[in-house]
**Q** 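Here it is, the structure in full.
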2 protein chains.
Amino acid sequence: MNTQSTRADDILRCARALIARGGYNSFSYADISKVVGIRTASIHHHFPSKSDLVRVLVAQYREEASAGLARLEQAIPDPLDQLRAYLGYWERCFADMAAPFCVCALLAGETPVLPEEVAVEVRGHFRRLAEWLTGVFERGAAQGRLRLSGTARADAEMFMATTHGAMLSARAYGDAKAFGAITRPLLERIAA
Amino acid sequence: MNTQSTRADDILRCARALIARGGYNSFSYADISKVVGIRTASIHHHFPSKSDLVRVLVAQYREEASAGLARLEQAIPDPLDQLRAYLGYWERCFADMAAPFCVCALLAGETPVLPEEVAVEVRGHFRRLAEWLTGVFERGAAQGRLRLSGTARADAEMFMATTHGAMLSARAYGDAKAFGAITRPLLERIAA
DNA sequence: CAGAGCCTACCAACTAGTAGGGAGCCTGTC
DNA sequence: GACAGGCTCCCTACTAGTTGGTAGGCTCTG
């Protein structure tokens with residue numbers, strides 16, 4: 001357990017919220033400085049460069065997501081309910097305005113202008129999520145709970161794409177409810 | 001026809017390519033200056049502020065998209081083929097690396113940090129595209145060419161979200177073929 | 001002459017990042 | 001117990017380069 005200074009965590013939490021608003025190039029150390037109450041030079045002490053900060057941030061995000069999926073899988077046995085819970089999580093995020101976007105989905109769009117190290121982490125998140133979803137679809141099909149329209153892998157990729165696209169639509173429409181409006185029919189369609 | 005100075009068009013074309021790489025905050029007047037061969041001050045002569053430039057850029061993008069959809073609709077009678085052609089267009093864009101992302105999809109993610117006027121244009125594009133797709137799904141269902149899983153509107157929104165999400169996945173994976181891999185099964189699923 | 005288009009020369013604010021110093025705290029040693 | 005050394009964290013002060021944007025002047029054209 002690292003009970004050590006919460007400052008680095010404060011910085012990461014703040015940076016994550018800022019990135020979720022507009023991506024890599026839409027925030028600066030000065031923005032973090034104002035929120036966390038620390039000088040920009042002190043942020044450099046914790047994270048020497050911006051790419052370091054964002055790489056660590058995304059790596060931590062991936063760990064949390066992975067842990068969350070594992071917890072979800074343990075708590076909920078039914079594959080369809082697992083998908084429902086996954087989408088429900090994001091629906092609640094949008095409703096709360098807490099973290100109204102997947103950091104990795106946003107960064108994925110900016111890939112060409114991202115530091116390579118960050119792009120690698122983002123790719124890792126997409127792979128991990130796609131793998132988890134593939135597993136869910138495989139088990140769902142085997143148990144007769146989900147109706148596959150192609151391979152489990154293909155359905156998983158499509159599910160992920162629709163989810164991310166629904167986040168974009170919600171932002172474009174300026175309407176948090178749009179996310180649920182798009183993803184709920186998605187669930188109905190794949191339910192056996 | 002406005003045969004007038006191609007400079008403004010050069011600037012718009014260049015800015016569009018730059019935005020398609022990483023969004024609103026990832027390019028500057030200096031970047032355009034280097035490519036177009038003009039001083040940044042001269043860009044301000046054509047577009048007083050950055051938000052002006054991007055607003056006009058997105059408005060022009062919307063017009064082209066609208067015209068493209070109208071042309072597509074005239075040339076191709078079958079609704080399923082229309083969707084095929086729409087996705088084919090983007091697949092070719094990705095393959096060429098010409099314009100490997102929908103400008104509006106990328107900007108949609110950045111909505112919270114976008115100038116209001118730009119966000120309005122982006123929203124307009126999403127509305128227009130969703131409306132067109134809704135029409136295609138309605139006609140497809142009426143002609144027995146497409147299988148709806150919900151209302152035409154809901155299916156259209158889902159189709160659009162999946163398309164945009166597939167763009168994100170292609171970028172995240174660093175693999176242009178991923179777009180086709182995700183969207184082709186999508187077509188098969190909705191074909192009657 | 002008027003205006004369009006482009007220039008040079010600015011500007012203030014902001015960008016990520018560096019240098020160096022001071023306060024506090026742990027740790028080892030006499 | 002004292003005290004030196006080193007380490008962590010944060011500070012002020014600074015840098016060079018970039019940001020979007022302005023002022024004013026030149027040239028070419030209708």
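All values below were derived from every heavy atom in this structure, side-chain atoms included, with hydrogens, water molecules and symmetry-related copies excluded. Here is how names work: the chains are called A, B, and so on, in the same order as the sequence lines, proteins then strands, and each is numbered from 1.
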**Q** Counting only side-chain N and O atoms of A:His46, is one of them less than 4.0 Å from OP1 or OP2 of D:dC10?
**A** yes
**Q** Mind calculating the distance between NE2 (A:His45) and P (C:dG21) to the nearest angstrom?
**A** 17 Å
**Q** May I have the step-by-step check of side chain to side chain donor-acceptor pair (under 3.5 Å) for B:Tyr86 and B:Glu91, ending in yes or no?
**A** CA-CA 9 Å; B:Tyr86 172 74; B:Glu91 208 165 337; over 6 Å; no
**Q** Applying salt bridge (charged side-chain N to carboxylate O under 4.0 Å, His left out), run through B:Glu117 and B:Arg55 and close with a yes or a no.
**A** CA-CA 7 Å; B:Glu117 349 150 28; B:Arg55 180 179 42 77; 3.3 Å; yes
**Q** Are any of A:Ser42's side-chain N or O atoms less than 4.0 Å away from OP1 or OP2 of D:dC11?
**A** yes
**Q** Please identify which of these residues, B:His164, B:Arg171, B:Met167, B:Arg21, meets the side-chain contact (heavy atoms from CB on, under 4.5 Å) condition with B:Leu106.
**A** B:Arg171
**Q** Going by salt bridge (Lys or Arg N to Asp or Glu O under 4.0 Å), name the residues that satisfy it together with A:Lys177, two or more places apart in sequence or in a different chain.
**A** A:Asp175
**Q** Rounded to the nearest 0.5 Å, how far does OG1 of A:Thr134 lie from CE of A:Met160?
**A** 8.5 Å
**Q** Rounded to whole angstrom units, what separation is found between the NE2 atom of B:His44 and the P atom of C:dA9?
**A** 18 Å
**Q** Specify the residue among A:Ala41 and B:Lys50 whose closest nucleotide of DNA chain D lies further upstream toward the 5′ end.
**A** A:Ala41
**Q** Given B:Glu64, which of B:Arg16, B:Arg71, B:Arg13, B:Arg128 fulfils the salt bridge (charged side-chain N to carboxylate O under 4.0 Å, His left out) condition?
**A** B:Arg16
**Q** Report the distance from atom CZ of A:Arg39 to atom C1' of C:dG21, rounded to the nearest whole Å.
**A** 16 Å
**Q** Please report, rounded to the nearest Å, how far the P atom of D:dC9 is from the CG atom of A:Asp10.
**A** 13 Å
**Q** Between B:Ile190 and B:Leu72, is there shared hydrophobic-cluster membership here, with clusters defined by ILVMFWY side-chain heavy atoms closer than 4.5 Å?
**A** yes
**Q** For A:Ile43 and C:dT15, what is the distance between atoms CD1 and P respectively, to the nearest whole Å?
**A** 11 Å
**Q** Given atom CG of A:Asp52 and atom P of C:dT18, what is their separation to the nearest angstrom?
**A** 10 Å
**Q** Could you state the atom-to-atom distance from CD1 of B:Ile11 to P of C:dC6 in whole Å?
**A** 7 Å
**Q** Hey, can you pull the residues of residues 22-31 of chain B with a non-hydrogen atom under 4.0 angstrom from DNA chain D?
**A** B:Phe27, B:Ser28, B:Tyr29, B:Ala30
**Q** Any side-chain N or O of A:Arg7 less than 4.0 Å from the OP1 or OP2 oxygen of D:dC9?
**A** no
